[in-house]
Each structure stands twice: as C-alpha cells, then as structure tokens.
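For reference, the structure is listed below as structure tokens.
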There are 2 protein chains.
Amino acid sequence: MKVLITGGAGFLGQRLARELLARGALRMTPQGAGAAPEPITELVLLDVTQASRPDDARVRIEVGDITQRDVLERVIDAETAVIFHLAAILSSEAEADFELGMRINVDATRTLLDVCRARGHKPRVVFTSSVAVYGGELPEEVQDDTALNPESSYGTQKAIAELLLCDYSRRGFVDGRALRLPTVSVRPGKPNGAASSFASAIMREPLNGETTVCPVSGATPVLLISPRMAIQCLVAGSEIDAAALGERRIVNLPGISTSVDEMVETLSQVGGPAAVARVEWEPDATVERIVCSWPASWNTKRARTLHFPADASYHAIVQAYLEDELHAPKVPHLRLPHLHLPHRRH
Amino acid sequence: MKVLITGGAGFLGQRLARELLARGALRMTPQGAGAAPEPITELVLLDVTQASRPDDARVRIEVGDITQRDVLERVIDAETAVIFHLAAILSSEAEADFELGMRINVDATRTLLDVCRARGHKPRVVFTSSVAVYGGELPEEVQDDTALNPESSYGTQKAIAELLLCDYSRRGFVDGRALRLPTVSVRPGKPNGAASSFASAIMREPLNGETTVCPVSGATPVLLISPRMAIQCLVAGSEIDAAALGERRIVNLPGISTSVDEMVETLSQVGGPAAVARVEWEPDATVERIVCSWPASWNTKRARTLHFPADASYHAIVQAYLEDELHAPKVPHLRLPHLHLPHRRH
C-alpha cells in the first residue's frame with residue numbers, strides 16, 4: 001500500500017518517514033484479527049520545499065503547493081491507504097498572516113479531504129490537531145467534553161479542520177483521526193513559527209552554547225510531548241481500528257504538564273548555571289496571550305484506553321532529546337544526574 | 001444607518017424585516033449611555049429569490065447568489081451597521097446535498113465576513129446558528145462549556161461558521177454575535193428542508209385540516225422557540241453592547257423543552273381529536289438520528305443575563321402561532337381552553 005505524508009519536508013514529517021520506513025508496514029486490521037501488517041510499498045513525501053530523500057527506493061518526493069487540487073490528485077490515488085496530514089502554518093505565523101493560515105490550515109485540508117472523497121476508497125487520514133483548539137475559561141483539567149473556544153486563528157483553523165474531518169468520516173468519505181498534539185518539545189534545529197517555539201529553544205539553544213529569548217514568564221504552564229512520542233502516537237493513530245474510535249474521531253494525546261520554571265530547572269541539571277545564564281527573559285504579549293490560552297493539563301483516559309503511548313516525565317522528554325539529537329552519552333559536558341529513563345519504545 | 005438581512009425572502013427574514021421597520025431604529029450604544037437608537041435609513045433584503053417588498057421606502061430588494069462575492073459587495077458598504085445573516089441550507093437539505101450546504105452555510109458566510117473585513121468598519125453581524133451544533137454524548141442539560149460534536153453536516157457547517165465569526169470578531173474584522181436557535185416552531189407555510197420540519201407541521205397541518213406525517217416517535221424530546229421570540233432575540237442580539245458579550249460571541253437562546261407527545265397533547269386541546277387523527281406516524285431513521293442528536297435542554301443563564309427574552313411555555317408558543325398566523329380569536333372552531341398567555345411583547 002501507499003502512504004502519503006504532507007509536510008513531508010518538515011521535522012515531524014521527516015522523522016515520521018524514517019519511522020515508517022524502519023517499520024516497513026502498518027497494521028490495517030485490529031490486533032489479533034489474524035491479518036499481518038500491510039507492507040508500505042510507496043511512501044510519498046509532499047511539501048512545498050524539496051524533502052530530504054532517505055536512501056530508500058520506496059520513497060517518492062513530491063514538491064508542490066498543497067492548496068492546489070492537482071497537486072493533491074497527483075499524490076493521492078486509490079492505493080493510498082494512509083495519509084498523514086501534517087502540513088500546517090503554525091500558531092504565531094497564522095496569527096501574523098491570517099490568509100496564509102486559512103489557505104493552508106483550512107482550505108488545503110478541505111481540498112485534501114475532497115480529493116480523498118473523489119477517489120472513493122475511504123483512506124485513513126491522520127490529522128495533527130493541537131492543544132490550541134482550546135481557549136477561554138477552562139477547567140483545571142480539560143475533559144473530552146470541554147468546549148473549544150480557540151483564542152488564536154491557528155486554533156480556530158485547526159478546530160475547523162477537525163470538524164471537517166469528523167463530518168467527512170461520518171459520511172464515509174474518509175476514515176479520519178484527528179490527534180491533538182501538546183506542544184512538541186524538544187524540537188531540534190531552528191525556532192519555528194509556533195507561539196510555543198520557546199518551549200524547545202529554552203533547552204536547545206543553551207545546550208548548543210547559544211542564547212535564547214524566552215517570551216513568557218517562568219510560571220507559564222505548558223503541556224508537552226516529545227518528538228519521539230509524537231511520532232509513536234501518529235503511527236498508533238494510523239493503526240487504530242475505526243470501530244475502536246467510534247463516532248468520535250478526535251483524541252487528546254497524552255502530554256506532560258510542566259512549567260517554564262521547571263524546564264529551566266531541568267536545563268540547570270543538564271547544562272549547569274552556564275546554560276541557564278543563556279536564557280534571556282523578554283515578555284512578548286502576543287505570544288504570552290496565545291500560549292496562556294491553551295490548557296496546561298487534559299484528561300487522557302481515552303488516549304490511554306486506545307493504547308496511545310506517553311512520555312513518562314519532562315526529564316524523560318529531555319533525555320529523549322539528548323539521545324536522539326545530541327547523542328548524549330558521547331557529549332561529556334552534559335550532566336544527567338536525574339535522567340534515568342529506560343529506553344522504552346512503544 | 002443601513003441594515004442587511006440575508007435570506008431576506010425567507011420566513012424569518014420577512015418577519016424580521018417587518019419588526020425592524022416597525023421599530024424604525026436599533027440601539028447601537030449601551031442602554032443608559034445617553035445616545036438615542038439609530039434610525040434605519042435603508043433595509044436591504046437579499047435572497048436568491050425575490051423577497052416580498054413591504055410597502056416602505058426604506059426597503060431595498062436585492063436578488064443574488066450569496067456565494068458570489070460581488071453580490072455581497074453590492075449590499076454591504078461602510079454604512080451597513082448591522083447584518084442579520086440568516087441565509088442557510090437547512091438540516092435535511094444539507095444532509096442530502098453536501099456541496100450545497102458547504103457552499104451556502106460555510107463558504108458564503110466566510111465571503112460575507114471577508115467583505116465586511118475589506119470594508120473595514122467592523123459591522124455587527126448577527127448570525128443564526130443552531131441547536132444542531134451539539135451532538136454525541138450530551139449531559140441532560142447542555143452547558144455553555146459543553147463540547148460540540150455535531151452529527152449532521154448542517155451542524156458541522158454551523159459550528160464552522162461560528163468559529164469563523166468568533167475569530168473574525170477577535171481580530172476586529174467584524175463585531176459578531178452567533179445566536180444558537182432552538183427549533184423554530186410553529187412556522188407557518190409549508191414544510192421546509194429542516195429535519196425538524198415536523199415540529200411545525202404537526203401543529204400547523206392538522207389545524208389547517210390537512211394530514212401530516214410525523215417521522216419521529218412521540219417520546220422524541222425537542223427544544224423549541226416561537227418565531228415571535230426568535231425575532232425578538234435576533235433584534236436583542238443586534239443591540240447588545242460588544243463589551244457585555246466579551247470574548248465569547250455565542251449565545252444559546254432560551255428554548256422550551258418539550259416532547260412530540262406533549263405537542264400532540266396540546267394539538268388535542270386546540271383542535272380536538274379530529275386534529276390529532278390527522279397525524280400519521282411513519283418513522284424516518286435519518287430524521288430521527290439527526291433530531292435525536294440535538295440537545296433537549298440547555299442552560300440559558302447567559303442568555304438571561306444578557307436580557308434575551310424567552311417563551312413562557314409550549315402553550316404560549318402555540319398561542320402565539322394562533323394569534324400571529326391564524327388570527328385565533330376569529331377562528332371559531334379552535335378551542336383554547338388552557339391557552340391564556342398575556343400578550344407579552346418584548
């Protein structure tokens with residue numbers, strides 16, 4: 001079967017591609033139903049920029065604007081069994097450029113669903129939604145039945161895309177799964193267009209010997225998921241049996257509730273006072289408003305019932321970053337006194 | 001100032017037009033703030049069909065497809081202070097014709113908001129949303145913070161339009177107010193494209209000496225608002241001060257929780273056994289599924305705090321229908337033993 005990743009040149013897209021190629025197959029029938037996982041014969045990485053090509057004959061790179069229907073028609077055919085729809089304009093960028101956010105986060109998603117519908121084979125569509133769909137007055141712990149009141153255009157656009165995905169699923173046009181991701185941290189590389197970009201930068205830059213500007217106060221609560229776990233959850237989301245999901249196509253993925261202060265405390269444990277000294281504090285009202293509208297905690301009973309994996313702690317998240325991106329054991333100046341995570345792979 | 005009604009040829013649009021012309025002005029500043037209500041100098045009735053023209057020089061009739069941007073540009077200018085956006089494809093029709101529902105309920109709403117944004121004067125947009133945005137597992141009484149899980153394309157499309165209205169309001173493009181209407185009953189005239197069309201027909205047709213087919217069981221709970229009260233709420237929604245609404249632009253309007261059995265009981269009181277005998281029972285699974293996914297009751301504390309008026313009872317709703325549409329005192333064969341509603345006009 002064929003698998004498509006939109007946003008295939010992005011960090012999560014690239015990492016997901018590596019994971020899928022390593023696995024080589026996805027389970028398309030319920031566990032225990034007898035059938036073997038189905039081999040991935042072609043993995044299409046679509047992005048507006050050229051995606052890095054893993055050295056693998058199964059990979060097909062496609063460059064194109066996802067808002068163009070013909071681009072999506074080129075990469076979705078009747079053998080495309082699973083689509084990971086990751087392409088998105090992130091929160092700060094969607095707040096700064098309203099039209100761009102609407103075009104990519106809403107219109108392109110709708111076009112993608114329409115192309116699937118026209119193909120008629122009801123592919124699985126795994127859509128990355130976000131903690132940002134919530135806002136307004138929230139209970140201390142957000143529940144599955146808590147109303148969405150997004151306070152950013154990004155959150156609004158993700159909520160609209162969720163509604164579309166659910167209705168297209170209900171009508172049998174696609175087999176959709178909207179996974180609401182906590183803030184993904186620690187991302188490697190450069191700051192991105194997310195209001196929550198600081199949640200990676202505050203650990204990444206100081207450990208790279210660079211200064212970083214934190215736009216929110218230390219008390220700011222954040223809900224985090226490691227890139228490693230985000231990928232595992234995306235794969236799990238593609239393998240869940242539709243019957244187990246039922247009518248409800250949305251899952252709040254497990255996250256770690258922490259605060260910026262706790263993150264800095266961990267940074268101190270890993271990098272010492274020199275690393276902490278590289279954090280500069282410069283509040284940005286827009287970023288603070290957006291980030292503080294998101295839930296700091298949500299009930300993940302449903303995700304656990306559906307067997308989504310979860311990070312163990314913020315320490316575990318940092319440990320994963322050190323292992324995956326900094327090859328920690330080989331970096332002598334990093335101190336890891338409290339970081340003893342078993343190498344749990346789900 | 002100018003006022004626009006989309007769906008101006010429809011039942012609610014026509015009735016709202018009459019009410020606005022009778023009032024002659026709308027209060028655009030908070031009560032007690034000193035300023036007088038602002039006179040309506042032009043009332044534009046836009047619809048895809050020719051709206052009936054009240055004999056009034058302030059009225060301008062426009063015929064056009066609301067999905068066309070130039071049509072909306074023709075009827076919205078910098079003096080358009082209030083827009084009542086009523087044009088919609090109703091629930092059964094949107095379920096039967098998916099594209100049409102998306103085009104009118106989502107795309108036209110977005111185009112309308114975009115035209116307002118381009119005009120730059122932040123008009124008040126009063127949007128009629130619906131009980132149908134809710135669905136899935138609901139508490140006995142839906143609360144303001146209950147999540148939406150629409151189980152119809154109509155409900156999905158209304159929920160998307162609400163999200164757009166809220167974000168456009170938050171960004172200062174419009175001053176939006178989304179009023180979630182219970183099922184409007186008793187509507188005069190013919191059955192319409194709503195799944196809840198029976199909620200009017202079950203009273204209207206038997207009192208007109210005609211048979212009607214009820215597609216749901218007697219135990220089906222329904223949440224109703226009279227046309228009279230719906231109009232009063234639309235006007236109230238246009239007059240509320242933005243500061244009183246705050247960030248939250250959505251209001252669940254007061255409704256009367258009743259059941260089909262209770263409606264038939266009232267029909268019996270009004271029209272006797274002959275009228276009841278004109279109700280035929282023929283369950284329609286699609287209608288039943290849609291209608292039963294809607295809340296039978298919701299908390300309207302916020303609506304009451306914002307001074308929205310409310311029907312007193314189902315009897316009062318029927319009484320209003322008899323007065324407004326059948327001129328009841330002049331209809332000798334109608335018995336109204338229990339219907340003693342004071343002629344309360346808000």
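Just so it is clear, the structure is predicted and the values come from calculations on it, not from any experiment. Here is how names work: the chains are called A, B, and so on, in the same order as the sequence lines, proteins then strands, and each is numbered from 1.
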_In the structure I gave you, are the side-chain heavy atoms of B:Q143 and A:D145 within less than 4.5 Å of one another anywhere?_
no
_Proximity breakdown for A:Y168 and chain B, heavy-atom pairs closer than 4.5 Å_ = side chain
*May I ask you to list the residues in residues 149-163 of chain A that approach chain B closer than 4.5 angstrom, counting heavy atoms only, ordered by number?*
A:N149, A:P150, A:E151, A:S152, A:S153, A:T156, A:A159, A:I160, A:L163
*For B:R249, is it the side chain, the backbone, both or neither that has a heavy atom under 4.5 Å from a heavy atom of chain A?*
neither
*Would a 4.5 Å heavy-atom cut-off, applied to side chains only, mark B:D167 and A:M102 as touching?*
no
*Check each atom of B:Y134 against the heavy atoms of chain A and say whether the ones under 4.5 Å are side chain, backbone, both or neither.*
neither
*Which region of A:R248, side chain (C-beta onward) or backbone (N, CA, C, O), has a non-hydrogen atom less than 4.5 Å from a non-hydrogen atom of chain B, or is it both or neither?*
side chain
*May I ask you to test the B:D144-A:E137 pair for a side-chain heavy-atom distance under 4.5 Å?*
no
*Among A:T146, A:V106, A:L164, who wins on heavy-atom pairs under 4.5 Å with chain B?*
A:T146
*Does NE2 belonging to A:H121 count more than 12 external heavy atoms closer than 6.0 Å?*
yes
